[in-house]
Asker: 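Input: one structure, supplied below.
Predicted, not measured: the structure shown is a model, and the values here were computed from it.
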Amino acid sequence: MSPLQNDRFLKALMREPVDQTPVWMMRQAGRHLPEYRQVRQTAGSFMDLCTNPELATEVTMQPLERYPLDAAILFSDILTIPDAMGLGLYFETGEGPKFKKTISTEADVAALNVINPHKDLTYVIDAVASISRELNGRVPLIGFSGSPWTLATYMVEGGSSKGFHKTKALIYNQPEVADQLLDVLADSVIVYLNAQIEAGAQAVQIFDSWGGALSHDAYIRFSLNPMKKIINGLKREHNGRKVPVIMFTKGGGQWLNVMADSGADCLGLDWTTDLGMARNQVGNQVSLQGNMDPSVLLSNPTVIRHEVERILASYGAHSGHVFNLGHGITPDVKPESAKVFVESVGELSQKYHANID
């Protein structure tokens, strides 16, 4: 593997001094880019794009050609694991992901097996290796997975949901069955992320998209604890370099203290949590990632720069900040606005790092 030409992102995750705040965007390879839409059309469908390592490599690299980003993230989908478990993932235009089969009984859960990523998700592991070769040390590559709780919601509901009524009914009526489901998912995420690390991912992120829908006690048991199990099972060093782990619970700002004790190196924050207050809570225990509202990118360059400056000032002159959006960039954002955002972080953040040892 080629030596990294830009390791700013990895250093910030490990709370080491950097010259400026590193930046990347969740969903940076995606529908806001016309070149992505063109490749997506060529592929035929979203899943055809995901399962083609060559095309997945191409779209992963696209935002790096437009923006001075400090990391690339594997182009894939969080629902690859339940698809590999035989639930039949498909996408309805305008409706998001759906499954042909759902999980509703104890027998359904008992029939699930831990995936073998080299057999069941070869296309993802091949894509990681291909992207790593293409990057050739340019910036680090982020691998990722959905969290067990988030994956479970799609598997039980059969697709996207607002209230998660079926999944919540499961955890309250049959908590032991829910634990069993989350356990097989956690074990699957462990081998999946470790395979990505071995193939070339230099950091990994666990996307807990729906943990914020839970009550406090339910979050600890059904979302956080499975993620802690994953973190404890991950390879934390590869090729002589530490492999940082980012944990992102959307709507999880109220659980920062317990999340900081999870073993993760970095906590991702959505835009509803003040970054400065979050840093005061966790201190130097973990680094923080985030957390600009993606809707700011629908504004003008002056507003975008002002919001970047505000967030940087909130975090202050400290190591351990990775600038990101509080959630994924939306399809209606103009690439020119995203460029203003990324360039502003690099330019405006330098003064906050000038005197850090």
Asker: Students often mix this up, so state it plainly: with edges at 30° and 60°, are the rings of Phe248 and Phe207 parallel, tilted or perpendicular?
Answerer: perpendicular
Asker: Between Asn291 and Thr273, is there a donor-acceptor pair closer than 3.5 Å when you use the side chain of the first and the backbone of the second?
Answerer: yes
Asker: I'd like to know whether CD of Glu16 has more than 12 heavy-atom contacts from other residues, nucleotides or ligands below 6.0 angstrom.
Answerer: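 Check passes, neighbour count above 12.
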Asker: Thinking salt bridges, do Lys351 and Glu309 make one under a 4.0 Å N-O criterion?
Answerer: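 Salt bridge flag = yes for Glu309 with Lys351.
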Asker: Quick check on Gln41: does its CD atom have over 12 non-hydrogen neighbours (other residues, nucleotides or ligands) under 6.0 Å away?
Answerer: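 Counting neighbours around CD of Gln41, 12 or fewer heavy atoms of other residues, nucleotides or ligands fall under 6.0 Å, so no.
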Asker: How about Asp70 and Gln20: does a side-chain donor come under 3.5 Å of a side-chain acceptor?
Answerer: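 No, because no side-chain N or O of Asp70 sits under 3.5 Å from a partner of the opposite role on Gln20.
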Asker: Please check if the side chain of Gln62 supplies one atom and the backbone of Tyr36 the other of a donor-acceptor pair under 3.5 Å.
Answerer: yes
Asker: Is the side chain of Asn173 donor-acceptor paired with the backbone N or O of Ala169 at a distance under 3.5 Å, no angle test?
Answerer: yes
Asker: Taking the basic N atoms (NZ, or NE/NH1/NH2) and the acidic carboxylate oxygens, is any pair closer than 4.0 Å for Arg221 and Asp179?
Answerer: yes
Asker: For the ring pair Tyr315 and Tyr352, is the centre-to-centre distance below 6.0 Å?
Answerer: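 Ring centroids of Tyr315 and Tyr352 are no less than 6.0 Å from each other.
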Asker: Might you work through the side chain to side chain donor-acceptor pair (under 3.5 Å) test for Asp7 and Gln202, ending with a clear yes or no?
Answerer: CA-CA 10 Å; Asp7 63 354; Gln202 290 138 309; over 6 Å; no
Asker: Does the pair Asp265/Arg236 count as a salt bridge with the N-to-O cut at 4.0 Å?
Answerer: yes
Asker: Kindly say whether Gly146 contributes a backbone atom to a donor-acceptor pair with the side chain of Thr150 at under 3.5 angstrom?
Answerer: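 Not confirmed, Thr150 side chain does not pair with Gly146 backbone.
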Asker: Can Val139 be reached from Met14 by stepping across I, L, V, M, F, W or Y side chains whose heavy atoms are under 4.5 Å apart?
Answerer: no
Asker: Could you walk me through whether Glu106 and Gln180 satisfy the side chain to side chain donor-acceptor pair (under 3.5 Å) test, starting with their C-alpha distance in whole Å, then the side-chain angles of each, then the deciding distance to 0.1 Å, before giving a yes or no?
Answerer: CA-CA 9 Å; Glu106 185 173 359; Gln180 187 180 348; over 6 Å; no
Asker: Give a yes or no on whether the backbone of Val345 and the side-chain of Ser349 come within a donor-acceptor separation of less than 3.5 Å.
Answerer: yes
Asker: When you measure from the side chain of Asn194 to the backbone of Gly233, do you find a donor-acceptor pair of N or O atoms at a distance under 3.5 Å?
Answerer: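 It does hold such a pair.
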Asker: As an exercise, state the distance from CG of Asn324 to CG of Asp270, rounded to the nearest 0.5 Å.
Answerer: 11.5 Å
Asker: Tell me whether Leu170 shares a hydrophobic cluster with Ile220, the cluster being built from Ile, Leu, Val, Met, Phe, Trp, Tyr side chains joined at under 4.5 Å.
Answerer: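 Same cluster: Leu170 reaches Ile220 through Ile, Leu, Val, Met, Phe, Trp or Tyr contacts under 4.5 Å.
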Asker: Is any NZ, NE, NH1 or NH2 atom of the basic residue among Lys339 and Glu336 found under 4.0 Å from an Asp or Glu carboxylate oxygen of the other?
Answerer: no
Asker: With rounding to the nearest 0.5 Å, note down the distance linking NZ in Lys250 to CE in Met26.
Answerer: 9.5 Å
Asker: Could you see if Tyr90 belongs to whatever hydrophobic cluster contains Leu49? Use Ile, Leu, Val, Met, Phe, Trp, Tyr and a side-chain cutoff under 4.5 Å.
Answerer: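 Tyr90 and Leu49: separate clusters.
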Asker: Tell me whether Trp271 is reachable from Leu348 by hopping between hydrophobic residues (I, L, V, M, F, W, Y) whose side-chain heavy atoms are closer than 4.5 Å.
Answerer: no
Asker: Pairing donors with acceptors under 3.5 angstrom, does anything connect the side chains of Thr105 and Asp108?
Answerer: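 On atom types as modelled, these side chains qualify, holding a pair under 3.5 Å.
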Asker: Which heavy atom in Leu182 sits nearest to a heavy atom in Phe222, and how many Å separate them?
Answerer: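 Minimum heavy-atom separation between Leu182 and Phe222: CD1-O, 3.4 Å.
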Asker: How are the rings of Trp210 and Tyr154 set to each other: parallel, tilted or perpendicular (split at 30° and 60°)?
Answerer: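 Answer is tilted, since the angle falls between 30° and 60°.
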Asker: Let's go through Thr330 and His32 carefully: what are the C-alpha distance in whole Å and the side-chain angles of both, what is the deciding distance for side chain to side chain donor-acceptor pair (under 3.5 Å) to 0.1 Å, and is it a yes or a no?
Answerer: CA-CA 7 Å; Thr330 53; His32 83 287; over 6 Å; no
Asker: Of all heavy-atom pairs between Pro97 and Leu79, which one has the smallest distance, and what is that distance?
Answerer: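 Heavy atoms of Pro97 and Leu79 come nearest at CB-CD1, 3.5 Å.
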Asker: Working to the nearest 0.5 Å, report the span between CD of Glu134 and CG of Leu141.
Answerer: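 That separation rounds to 12.0 Å.
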Asker: Is there a side-chain contact between Val245 and Cys266 (heavy atoms, below 4.5 Å)?
Answerer: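 No. Closest side-chain heavy atoms not under 4.5 Å.
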Asker: Do the side chains of Met277 and Leu288 join up, straight or via other hydrophobic residues, at under 4.5 Å, putting them in one cluster?
Answerer: no
Asker: Kindly assign one of parallel, tilted or perpendicular to the pair Phe9 and Trp24, based on the angle between their ring planes and the thresholds 30° and 60°.
Answerer: perpendicular
Asker: Any Lys/Arg nitrogen of Lys229 or Asp187 sitting under 4.0 Å from an Asp/Glu carboxylate oxygen of the other?
Answerer: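 Answer for the salt bridge query: yes.
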Asker: Report the distance from atom CZ of Arg27 to atom CZ of Phe75, rounding to the nearest 0.5 Å.
Answerer: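 Arg27 CZ to Phe75 CZ: 11.0 Å, rounded to 0.5 Å.
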Asker: Using side chain to side chain donor-acceptor pair (under 3.5 Å), reason through Ser76 and Tyr123 one step at a time and then give a plain yes or no.
Answerer: CA-CA 10 Å; Ser76 187; Tyr123 64 90; 5.7 Å; no
Asker: Would you say that more than 12 heavy atoms from the other residues, nucleotides or ligands in this model lie under 6.0 Å from the CD of Gln254, or not?
Answerer: yes
Asker: So for atom NE2, which belongs to His118, do other residues, nucleotides or ligands contribute more than 12 heavy atoms lying within a distance under 6.0 Å?
Answerer: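 Correct, the count exceeds 12.
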Asker: Return the minimal non-hydrogen interatomic distance between Ser130 and Pro53, and the atom names on each side.
Answerer: OG-O, 4.2 Å
Asker: Would you say Gln28's side chain and Met25's backbone share a donor-acceptor pair under 3.5 angstrom?
Answerer: yes
Asker: Does a donor on one side chain and an acceptor on the other come within less than 3.5 Å for Ser215 and Asp217?
Answerer: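 On atom types as modelled, these side chains do not qualify, holding no pair under 3.5 Å.
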Asker: So, are Glu54 and Arg133 salt-bridged, with charged N and O less than 4.0 Å apart?
Answerer: no
Asker: Measure the shortest side-chain to side-chain distance between Leu224 and Trp149 over non-hydrogen atoms and say whether it is less than 4.5 angstrom.
Answerer: no
Asker: Is it true that a side-chain atom of Glu157 and a backbone atom of Lys166 form a donor plus acceptor pair closer than 3.5 Å?
Answerer: yes
Asker: CG of Leu121 to CD1 of Ile125: how many Å apart, nearest 0.5 Å?
Answerer: 7.0 Å
Asker: Given 3.5 Å as the limit, does a donor-acceptor pair link the side chain of Arg8 with the main chain of Val18, or not?
Answerer: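 No, Arg8 side chain to Val18 backbone: no donor-acceptor pair under 3.5 Å.
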Asker: First locate atom CD of Gln289, then atom CD of Gln205, and finally report the distance between them rounded to the nearest 0.5 Å.
Answerer: 5.0 Å
Asker: Measure across Ser287 and Gly320 and return the closest heavy-atom pair with its distance rounded to 0.1 Å.
Answerer: CB-O, 3.1 Å
Asker: So, the side chain of Asn232 versus the backbone of Lys228: is there a donor-acceptor pair under 3.5 Å, distance only?
Answerer: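 Yes; at least one donor-acceptor contact below 3.5 Å.
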